[in-house]
Protein chains: 2
Amino acid sequence: MREHLIAAPLPTIRRIPRYLNVLEDFAAEQISFVSATDIANKLGLKPIQVRKDMAFTGIVGKPKVGYKTDELIETIKSFLGWDSATDAFLIGAGALGTALLGYRGFAERGLQIVAAFDIDPKKIGTRIHGKEVFPISKMAELAKRMQVHIGVLTVPAESASQCAHALMDAGITGIWNFSPAELDVPESMTVQREDLSAGLAVLSVRMSEKKQGIV
Amino acid sequence: MREHLIAAPLPTIRRIPRYLNVLEDFAAEQISFVSATDIANKLGLKPIQVRKDMAFTGIVGKPKVGYKTDELIETIKSFLGWDSATDAFLIGAGALGTALLGYRGFAERGLQIVAAFDIDPKKIGTRIHGKEVFPISKMAELAKRMQVHIGVLTVPAESASQCAHALMDAGITGIWNFSPAELDVPESMTVQREDLSAGLAVLSVRMSEKKQGIV
DNA sequence: TAGATTGTTAATCGATTAACAATC
DNA sequence: TAGATTGTTAATCGATTAACAATC
């Protein structure tokens, strides 16, 4: 009997998109069944970890055979909510914001950026990668009309908390925060920090540990 | 007696840049001593966790007083290797690569991108945010001459493993990988994945858990 | 001084890994 | 069938949190 579905640990959630990547490679090679071992080998992980992670998605495999590739892909997409597109706003049409507006990978991960917002009058009214740039004052109205609940925040640290407030007022409940600022928002909102500094810190420390042979 | 310095846990390393951010705010306000509680409050963390993390940097505080702000900033920067600039190459001058080439925040985090590389003949020879774009074939020679050991990889998934190979041949030992591809490199190299999909997955799952009241 | 805060040791919590029966 | 792989329960490992003596 399968255990009742419980909230997945954060490290599990972060690994699941990697499973999806390799599964799509397997599917492209017409491999219709994959085992936890097959997946683990591609990612340098241990089969037992893959098996445990898979259990959280609700997939049921076949002993000796593994998981049906297509079914596992669909189960994972549904688990992540990537099986249907979710609309999002982008706030801050600077260099990083522009890059994200042009990134085609979001579409296959269920995220559709439908409009951009900025304070710069020169940007307002223009289109970036086909998406119109609006003034922040229009956000609440548009969010309501377009039923948008996610904001991708790509503004400088100085403007971040002010923009977070505007997002809250617009009824946005999820913020993907690319700014290094700490956002002070109510419990009801979900904030996901995408902090380049953290990644750079890990790279820096790992390299110097390796050089010094601490490991 | 202070415990002998041991390799810091990964979650600790990822939090340390956040401490640096708030410390710089405190320093800007001329606050010369800060306690673990002061820092924790700004970040929504627990003081004991901040205190434990700080121990890994080697800082020594004063009971009742806390840590000397300036000294803590310097200790953290030195711990992260951010006290002196490290040169890096960027590979893949597309939208994301261009954004990173223009990002001014790296300088204060010890990273100096000194050149870009691409396969597109139209980009080669041009300058992006002041940095010249070279063909990948020039990388080994330039890495040797400029003593560069870090590569920021911003190419599409399809080219990633090929570029990783070129980086290895050029003597690069650390890769900051912004592509979703899995890189197969020798143990001696350090790879830091900067995976947008993982962050998006966490945001997606957290939001749907909140909506369904699973927590 | 009394109170607050550090640094360390111990307890708890959560994630990873191991072991193994069930099964296709 | 025999062997391989799943799903579950137990053991281990590592990070977080608690407790508390030392101390400015």
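What you see is a predicted model; the values in this text were computed from it and never measured. Both backbone and side-chain heavy atoms feed into the values below; hydrogens, waters and symmetry mates do not. Throughout, a chain's letter reflects where its sequence line sits, starting with A, and its residues are numbered from 1.
The distance from atom CZ of B:R14 to atom P of D:dG14 is 20 Å, rounded to the nearest whole Å. Here D:dT6 presents its P atom at 11 Å from CG of A:L72, a figure rounded to the nearest Å. The separation between B:I59 atom CD1 and C:dT5 atom P is 17 Å, rounded to whole Å. Going from atom CE of A:M54 over to atom P of D:dG7 covers 10 Å, rounded to whole Å. Going from atom CG of B:D53 over to atom P of C:dT6 covers 13 Å, rounded to whole Å. What separates CZ of B:F33 from C1' of C:dT6 is a distance of 13 Å, to the nearest Å.
Summarising the base pairing, D:dC13 is matched to C:dG14 through a Watson-Crick or G-U wobble pair whose two defining distances lie under 3.5 Å. The base-pairing partner of D:dT6, taking Watson-Crick or G-U wobble contacts with both distances under 3.5 Å, is C:dA21.
Phosphate proximity of D:dG7 to A:R51: absent, as no side-chain N or O sits under 4.0 Å from OP1 or OP2. Taking only side-chain nitrogens and oxygens, A:R15 never comes nearer than 4.0 Å to OP1 or OP2 of C:dA15.
Of the candidate nucleotides C:dT5, C:dA18, D:dA15, C:dA18 has the atom nearest to the side chain of A:I48. Checking C:dT6, D:dA15, D:dT17 against every side-chain atom of B:P11, the shortest atom distance belongs to D:dA15. Taking the side chain of B:Y67 as heavy atoms from C-beta on, and the options C:dT5, C:dG7, D:dT6, the nearest nucleotide is C:dG7. Nearest to the side chain of B:K52, among D:dG7, C:dC24, D:dT17, sits D:dT17.
Heavy-atom distances to DNA chain D give each of B:P63 and B:T12 a nearest nucleotide, and the one nearer the 5′ end belongs to B:T12. Of the two residues near DNA chain C, B:V65 and A:Q49, the one whose nearest nucleotide lies more 5' is B:V65.
Residues B:F33 and B:D38 share a closest heavy-atom pair of O-OD2, 4.5 Å. In terms of heavy-atom proximity, A:G151 sits nearest to A:L167 at CA-CD2, 4.2 Å. Pairing each heavy atom of B:A143 with each of B:A170, the nearest pair is CB-O, 3.4 Å.
Checked by atom type and distance alone, the side chain of A:T154 never pairs as donor or acceptor with a backbone atom of A:L96 at under 3.5 Å.
If you check every strand for non-hydrogen atoms under 4.0 Å, A:K64 touches a base.
Open room surrounds CD on A:Q162; 12 or fewer heavy atoms of other groups in view lie less than 6.0 Å from it.
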